[in-house]
Colleague: 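What follows is a structure written as structure tokens; I'll ask about it next.
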Amino acid sequence: MNVRTRFAPSPTGSMHIGNVRNAAFSWLLARHFEGEFVLRIEDTDRTRYVPGAVEEIIEGLRWLGTDWDEGPIYQSSRLKHYQEYAQKLLDGGHAYCCWCSPERLAEMREEQQKAGRPTGYDRYCREDSHGRSLDEPHVIRFAMPTQGTTVFTDAVRGEFSFDNVLQDDFVMLKADGYPTYHLASVVDDYLMNITHVVRSEEWISSTPKHLQLYHALGWQAPTLVHPPLILGPDRSKLSKRHGSVAFKDYIEHGYLPDAVLNFMALLGWSPGDNREVMTREELTEAFSIEGIVKHPAIFDIQKLDWINQQHTNRLSNEDYEAEVRRHIRLCETHADKLPENEREEKLSVLKRFEEMFDGVDPDYRSEVIALMQSRSTPVADFIDYSWNYFATDFDYEEKGLKWLRDETAPGYYEKLEAALEATDWASPAREELHALLEEQIRSVGASVGREGGAVIHPVRIASTGRTVGPSLFEALAVLGKDRVIERLRKARQKSRELSAS
RNA sequence: GCCCCCAUAGUGCAGCGGCCUAGCACACCACUCUUUCACGGUGGUAGCACGGGUUCGAAUCCCGUUGGGGGUACCA
């Protein structure tokens, strides 16, 4: 089967999470059948066009790895096609010109609603142009059959039947010569040989319009696939008040593309067994229309975080490093959109980190990654968590300062310095070094009457500046003798200042 | 108002008439590991919206109710 699917966003703002899920489904379907995936930009509403939106869509899809075989194709550059078919419909008696004003239309709707009748155009211009001329501004409407039903099968939900009378004589071509979605998508899906139209549930109710259009044009309709919507935690349509719905925010947080694809795929689809953490290849292999579910799904960011963590843990050290670099670059380019003052700060932080990250010995870098990878998801956390491992100078976390304020701390640090200075760090294997360091530190601690946390915590805050982090002895082993002793010395000085005051 | 869709734990899914005293995962709670935060391990709380049918048998099929969602534009 030659499958061709498309993703057809309109450039009216930031790419929405729900939209991305549809892109993912559409792409997965095409790749599963080794078919083609087309990117089409539905820019037929000139009033809602947002500059930069197309770039964001393209960047987002690239990032996600949902590559397309054709496009981007802009509908705004294909007006002649829509006009041509509109004319054909006009000639065949399937369409007519309408001169009704928006005011009249609004009034009509209000009356219909008040009377408890279904809303819809009253077909005032359908049989009679009322002496209006084609030179006057007008739209072209589709002449819906006024009897019978439109029956169709959705690949996800099965049979549907809609009464034709209740269908509107919808506008196909606007007064400005641009088509509406209904006309444009039907014409394009046909001309582009799209076999499966994947679009979310909200389109079901206008599907009869599209099918009547296909019918009037003498075309066969593609397979319709309507996955469910994605809802916010309160079960209403996912929107800004539910947190972020802008896809780019997830990119900026440093989620992994494979993890996001995995998570998206699971929003309204399942492989049928209980698999959850899946690679891109596994998803492509397993994807099917049968696995698409009918009920709406709620976006659960905790699950995203978990899946992201699972994918992160499966990354090699080198791949994780590549992700860190990619993330930095991405944040740098995105910083352009920030307000001036924030941008400066963001960029300088990134720059400083990058310099430190690049400046260290590759082996050291790799060891820090090994230490932090599993706890730094999304990747943005890595910058924060690993900062002090690269910085030569850093502030102590407020919460840990209590260990330095202790007046016996300077003495403790001094003894530790001596003991660790006298220790051979180079010869033992890594595991042995951990044990050795632990033994040394515990014995110094015991010699000054310290126990448990009082032994460990002062060393952690001194060597890493933080109260939390990896196993202390592993951290020390990674930092190495010189850094550790230097840091103990600094902590001792700081401690003297603090306990003196 | 009118039209349409959906309905398994808090969340995401499995289930497609008997294998279901309903399975998996996230979240949550314990315990465990432990120097901290995570990870890991073990266990636990929690669900077939309700009411009628059909059937020897229903989470699974049908109808209704309720609840939720979508559409109702010269927006997509």
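Note: hydrogens, waters and symmetry copies are ignored here, and every other heavy atom, side chains too, is used. Per chain, numbering begins at 1; letters A, B, ... match sequence-line order.
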Colleague: When you compare B:A58 with B:A49, how far apart are their P atoms, in angstrom units rounded to a whole number?
Modeller: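 The answer is 16 Å between these two P atoms.
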
Colleague: Is any side-chain N or O of A:Arg48 under 3.5 Å from a base N or O of B:C75, one able to act as donor and the other as acceptor?
Modeller: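 Flag set: donor-acceptor pair detected.
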
Colleague: Is the ring pair A:Phe160/A:Phe162 parallel, tilted or perpendicular, if the boundaries are 30 and 60 degrees?
Modeller: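 A:Phe160 and A:Phe162: parallel rings.
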
Colleague: Under 4.0 Å between any heavy atoms, over every strand shown, what does A:Gly453 touch: base, sugar-phosphate, or nothing? Just pick one.
Modeller: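 The answer is nothing, as A:Gly453 stays clear of every strand by at least 4.0 Å.
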
Colleague: Rounded to the nearest angstrom, tell me the gap between atom CZ in A:Arg375 and atom C1' in B:C39.
Modeller: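 So the two atoms are 7 Å apart, to the nearest Å.
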
Colleague: Select one nucleotide: of B:C13, B:A76, B:A25, the one nearest the side-chain heavy atoms of A:Val293.
Modeller: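 Closest nucleotide to the A:Val293 side chain: B:C13.
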
Colleague: Evaluate the ring planes of A:Phe142 and A:Phe170, with Trp represented by its six-membered ring, and classify them as parallel (under 30°), tilted (30 to 60°) or perpendicular (over 60°).
Modeller: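 If you compare the ring of A:Phe142 with that of A:Phe170, the planes turn out parallel.
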
Colleague: Heavy-atom nearest nucleotide on RNA chain B for A:Ala175 versus A:Gly452: which residue maps closer to 5'?
Modeller: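 The 5'-side residue here is A:Gly452.
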
Colleague: Counting side-chain heavy atoms from CB outward, which of B:G68, B:A25, B:A76 is closest to A:Arg235?
Modeller: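 In terms of side-chain proximity for A:Arg235, the closest of B:G68, B:A25, B:A76 is B:G68.
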
Colleague: When you get a sec, tell me which of B:G70, B:C26, B:U36 is the closest nucleotide to the side chain of A:Ser205?
Modeller: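 When the side chain of A:Ser205 is considered, B:G70 is the closest of B:G70, B:C26, B:U36.
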
Colleague: Could you please name the partner base of B:C50, counting Watson-Crick and G-U wobble pairs only when both distances are under 3.5 Å?
Modeller: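 Across any shown strand, B:C50 pairs with B:G64.
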
Colleague: Check the pair A:Tyr412 / A:Asp406 against side-chain hydrogen bond (donor to acceptor under 3.5 Å, both in side chains), numbers first and verdict last.
Modeller: CA-CA 10 Å; A:Tyr412 180 41; A:Asp406 172 13; over 6 Å; no

Colleague: I want to verify a distance call: between B:C4, B:U35, B:U36, whose nearest atom is closest to the A:Glu438 side chain?
Modeller: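 Looking only at heavy atoms from C-beta outward on A:Glu438, the closest nucleotide is B:U35.
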
Colleague: Please determine, by modelled atom types, if A:Ser14 and A:Glu56 share a side-chain donor-acceptor pair under 3.5 angstrom.
Modeller: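 A pair is found: one side chain offers a donor N or O, the other an acceptor, under 3.5 Å apart.
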
Colleague: Could you work out the separation of B:C48 and B:G10 based on their C1' atoms and round it to a whole Å?
Modeller: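 These two C1' atoms come out 16 Å apart once rounded.
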
Colleague: Searching all strands shown, indicate the nucleotide that pairs with B:G23 (Watson-Crick or G-U wobble; both distances under 3.5 Å).
Modeller: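 Paired with B:G23, as far as the under-3.5 Å criterion goes, is B:C13.
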
Colleague: Do the side chain of A:Asp300 and the base of B:G12 come within less than 3.5 angstrom through a donor-acceptor pair of N or O atoms?
Modeller: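 When only heavy-atom distances are counted, A:Asp300 does not reach the base of B:G12 through any donor-acceptor pair under 3.5 Å.
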
Colleague: Please work out if A:Ala297 contacts a base, only the sugar-phosphate, or nothing of the nucleic acid, heavy-atom cut-off 4.0 Å.
Modeller: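 Result for A:Ala297 = sugar-phosphate.
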
Colleague: Could one point to a donor on the side chain of A:Glu201 or the base of B:G71 with an acceptor on the other under 3.5 Å away?
Modeller: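 Counting by modelled atom types and ignoring angles, no donor-acceptor contact under 3.5 Å is found here.
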
Colleague: Is B:U42 paired to anything, Watson-Crick or G-U wobble with both distances less than 3.5 Å, and if yes, which nucleotide?
Modeller: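 In the structure as shown, B:U42 has B:A30 as its Watson-Crick or wobble partner.
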
Colleague: For B:C75, give its Watson-Crick or G-U wobble partner with both distances under 3.5 Å, or none.
Modeller: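 Answer to the pairing question: none, since B:C75 forms no Watson-Crick or G-U pair.
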
Colleague: Tell me the interatomic distance from A:Arg466, atom CZ, to B:U36, atom P, rounded to whole angstroms.
Modeller: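 Atom CZ in A:Arg466 sits about 17 Å away from atom P in B:U36.
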
